[in-house]
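I have placed the structure first, in the form of structure tokens, so that the comments after it can refer back to it.
Only heavy atoms go into these numbers, but all of them, side chains included; no hydrogens, no water, no symmetry mates. Model, not experiment: these values are computed from the prediction.
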Amino acid sequence: MRVFRNILITVLCIAAVGASAVFGYCRIRGAREKELLEAGLSLMDRGNYREAREKFVEAQALENRITRRMSEDSLEEDLFKYAAICDFHLGDLDEAAEIYDRMLRIHPSDPSLMESRAVVYAAQGQVEEAVALFDEAIVIDRRNYTRVYHAALTLREYAGPEAGNKYLEILVEQYGDEADPVTRGQALCFLERYEEAVQLLGEIQNPDMQTSFLYASAVEHTGGHEKALSILAEYEEQLPSNPDMLALKGTALCGLARYEEAIECFDRALPLAGEGTELRRSILFNRIAAYENLCRYDRAKELAAEYAQEYPDDPRMQRENLFLQTR
């Protein structure tokens, strides 16, 4: 019996040492996973989605059944979610869709996953599927107005303003004061209900720069050119590096017939606007109009020809070219 007891004690000691080694190994792997996750998130914050994706893949390789069972905060699903975000930003839409589809099979009623998958559907051109999934997520999480707003912005981007405006109307009419005033103000601006937006945004105390810009934009659309300029003047130091604010200042200056100053603003904004953006398109068009108002038709014709090459299907420029031919 003593021999048997000694053997048993030896076996238990060996098992304890083995378990301790395994637990220590798993803790090391879990710590490394978190380290890789944090590194990936840092890269995402800097817009480096490709290297971030590599970090998440490396962390996923460390996931196994033992670490999942022994960890109270499994990282596996987080890693997949962040990998899908990277795939989306890298244009790998099918890969992102596959991840979200897999996760929705596990969590079929998760509104956040539905919303993410709906965004990918919209980017893939599957608008009906996107709308259906957005609607389902909104019903499940009916008091979360941000889902309505995200649906609106997504569909405006990928399916046009009318598709998104349906959700903006819902946000404004059904959620009312539940939505924060900046979001409601933005929705009203998108719906071109500028007078209401001015009233709402003008009541916000101590607005940040983004809110002030939105307010100035709404004011400008109501014809308040001087007031828009006075709002922007509070951010004079930020103007040189902000193409949206420079473009808005140029538009307000045009409204006051200060075309030379407006052209200067447009010229400063253009290199910052980014290729292929709607902002760039707007700046180019408004700059041509400013030259026309200065009766500098030769320069306006040159710029109009360049614009037509970049945006050949814009009906506004077709009308402008007809006008310029008579000058």
Side-chain angles (χ1 to χ4, degrees), residues 156 160-162 165 185-186 188-199 201-202 209-327:
R156 281 180 64 88
E162 290 186 9
N165 286 356
Q186 179 73 79
L188 289 167
C189 286
F190 279 135
L191 293 169
E192 299 183 5
R193 293 162 59 174
Y194 297 111
E195 294 284 355
E196 296 172 71
V198 167
Q199 182 176 354
L201 295 168
M209 187 173 75
Q210 182 180 357
T211 304
S212 295
F213 169 76
L214 185 60
Y215 180 42
S217 180
V219 167
E220 168 60 24
H221 277 92
T222 63
H225 311 303
E226 289 281 10
K227 186 173 181 179
L229 288 175
S230 69
I231 296 169
L232 293 174
E234 299 177 20
Y235 300 94
E236 198 63 38
E237 292 184 3
Q238 288 79 17
L239 273 173
S241 59
N242 192 310
D244 292 285
M245 296 178 78
L246 283 168
L248 180 58
K249 182 177 180 180
T251 303
L253 288 166
C254 282
L256 295 170
R258 294 161 60 180
Y259 300 114
E260 294 283 4
E261 295 171 76
I263 290 170
E264 181 183 347
C265 285
F266 294 143
D267 286 342
R268 290 163 63 193
L270 264 178
L272 306 173
E275 295 295 327
T277 61
E278 188 58 35
L279 177 62
R280 172 179 171 80
R281 185 174 187 158
S282 174
I283 293 169
L284 290 172
F285 188 89
N286 289 335
R287 185 174 63 164
I288 293 167
Y291 276 112
E292 287 179 5
N293 281 287
L294 288 170
C295 298
R296 294 171 61 179
Y297 298 116
D298 288 341
R299 180 58 175 154
K301 287 179 184 179
E302 291 176 9
L303 295 175
E306 294 174 7
Y307 184 97
Q309 285 187 334
E310 195 166 342
Y311 305 103
D313 299 323
D314 190 334
R316 298 178 305 169
M317 188 47 61
Q318 293 170 6
R319 292 192 294 270
E320 287 297 316
N321 275 322
L322 287 174
F323 168 77
L324 286 169
Q325 297 311 312
T326 65
R327 301 298 101 187

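Scanning for side chain to side chain contact (heavy atoms under 4.5 Å, CB included) contacts around Q210 gives D208, with sequence neighbours left out.
Note that CG of L232 is 9.0 Å distant from CG of L246, once rounded to the nearest 0.5 Å. Atoms CD and CG, on E196 and L201 in that order, are 11.5 Å from each other to the nearest 0.5 Å. Residue F213 holds its CZ atom at 4.5 Å from CG of D244, rounded to the nearest 0.5 Å. Distance check, rounded to the nearest 0.5 Å: CD of E261 to SG of C254 gives 10.5 Å. With rounding to the nearest 0.5 angstrom, the OG atom of S212 is 3.0 Å from the OH atom of Y235. In this structure, CD on Q186 lies 10.0 Å from CG on L191, to the nearest 0.5 angstrom.
Nearest approach of I288 to Y307, heavy atoms of both residues: CD1-CB, 3.9 Å. Minimum interatomic distance between A197 and G185 (heavy atoms only, all atoms of both residues): CB-O, 3.9 Å. Contact record, E292 with A300: CG-CB, 3.9 Å, taken as the closest heavy-atom pair. Closest non-hydrogen pair, A262 versus G250, comes out as CB-O, 3.3 Å.
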Start with the C-alpha gap between L253 and Y259, add the side-chain angles, then the distance that decides, and say whether side-chain contact (heavy atoms from CB on, under 4.5 Å) holds. CA-CA 7 Å; L253 288 166; Y259 300 114; over 6 Å; no
Quick one, I231 with V219, criterion side-chain contact (heavy atoms from CB on, under 4.5 Å). Give me CA distance, side-chain angles, the key distance, then yes/no. CA-CA 9 Å; I231 296 169; V219 167; 4.3 Å; yes
Does R280 form a side-chain contact (heavy atoms from CB on, under 4.5 Å) with F285? I'd like the steps, not just the answer. CA-CA 9 Å; R280 172 179 171 80; F285 188 89; over 6 Å; no
side-chain contact (heavy atoms from CB on, under 4.5 Å) between M209 and N242: does it pass, once the steps are laid out? CA-CA 11 Å; M209 187 173 75; N242 192 310; 3.9 Å; yes
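Contacts classified as salt bridge (Lys or Arg N to Asp or Glu O under 4.0 Å) and involving residues 224-237 (residues at least two apart or in different chains) are given here: E236-K249.
Side-chain contact between E220 and Y194: absent, with no pair of heavy atoms (C-beta onward) separated by less than 4.5 Å. Using a 4.5 Å heavy-atom cutoff, the side chains of L229 and R258 are in contact.
Each of R299, E302, K301 was scored for a side chain to side chain contact (heavy atoms under 4.5 Å, CB included) with Y291, with one residue passing: R299.
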N/O donor to acceptor pairs below 3.5 angstrom from side-chain atoms of residues 263-272, sequence neighbours left out:
residue, atom, partner, partner atom, Å
D267, OD1, R287, NH1, 2.9

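Annotation: Q238, atom CD; neighbour count of heavy atoms from other residues, nucleotides and ligands within 6.0 Å is above 12.
Looking only at distances, a side-chain donor or acceptor of N286 sits under 3.5 Å from a matching main-chain atom of S282.
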